[in-house]
Amino acid sequence: MNQKEAIAKLVKVFMEEESLKEAIKDLKSDIKESGLDAAVLSIVAKSLVANKTDDLIKKSEDTIAAVAVARS
């Protein structure tokens, strides 16, 4: 592969990346319009993709415990 081919391939991938970013933005807008919390759902979806749901649950439990301490 030469430089020109490498650049062309990178351009194609970066264009796909921008398209995906736009699709995610549109989807988050639709989620918000449905009355759902797009930020929370995004965090959950990302943890599922990364196979880190246990970490998310632990972090959420720690946050709830901290709120309980702050309220007491």
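Keep in mind that this is a model prediction, so the values were computed, not measured. Quick note: residue numbers are just sequence positions, from 1.
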Please say whether more than 12 non-hydrogen atoms of neighbouring residues, nucleotides or ligands are located less than 6.0 Å from CG in Asn51. no
Would you say that Met1 contacts Lys9 through its side chain, given a criterion of any heavy-atom pair below 4.5 Å between the two side chains? yes
Test your reading of the model: is there a side-chain donor-acceptor pair from Ser34 to the backbone of Asp30, 3.5 Å cut-off? yes
pair Lys25-Glu22: side-chain heavy atoms closer than 4.5 Å: yes
May I ask you to test the Lys21-Glu17 pair for a side-chain heavy-atom distance under 4.5 Å? yes
Would you give the length of the straight line joining atom CD1 of Ile64 to atom NZ of Lys59, rounded to the nearest 0.5 angstrom? 13.0 Å
OG of Ser29 to NZ of Lys32: how many Å apart, nearest 0.5 Å? 6.5 Å
same_hphob_cluster(Leu41, Leu27) at 4.5 Å side-chain heavy-atom cutoff: yes
Look up atom CD1 in Ile43 and atom OG in Ser47, then write down how far apart they are to the nearest 0.5 Å. 8.5 Å
Would you say Gln3 has more than 12 foreign heavy atoms packed within less than 6.0 Å of its CD? no
Would you call Asp62 and Lys58 a side-chain contact if the rule is heavy atoms closer than 4.5 Å? yes
Co-membership, hydrophobic cluster, residues Leu48 and Leu56, 4.5 Å side-chain: yes
Measure the OG-CG distance between Ser42 and Asp37 for me, rounded to the nearest 0.5 Å. 8.5 Å
Kindly give the heavy-atom pair with the smallest separation between Ile31 and Ala38, and that separation in Å. CG2-CA, 3.7 Å
Verdict with reasoning, Val11 to Ile7, per side-chain contact (heavy atoms from CB on, under 4.5 Å): CA-CA 6 Å; Val11 166; Ile7 291 168; 4.2 Å; yes
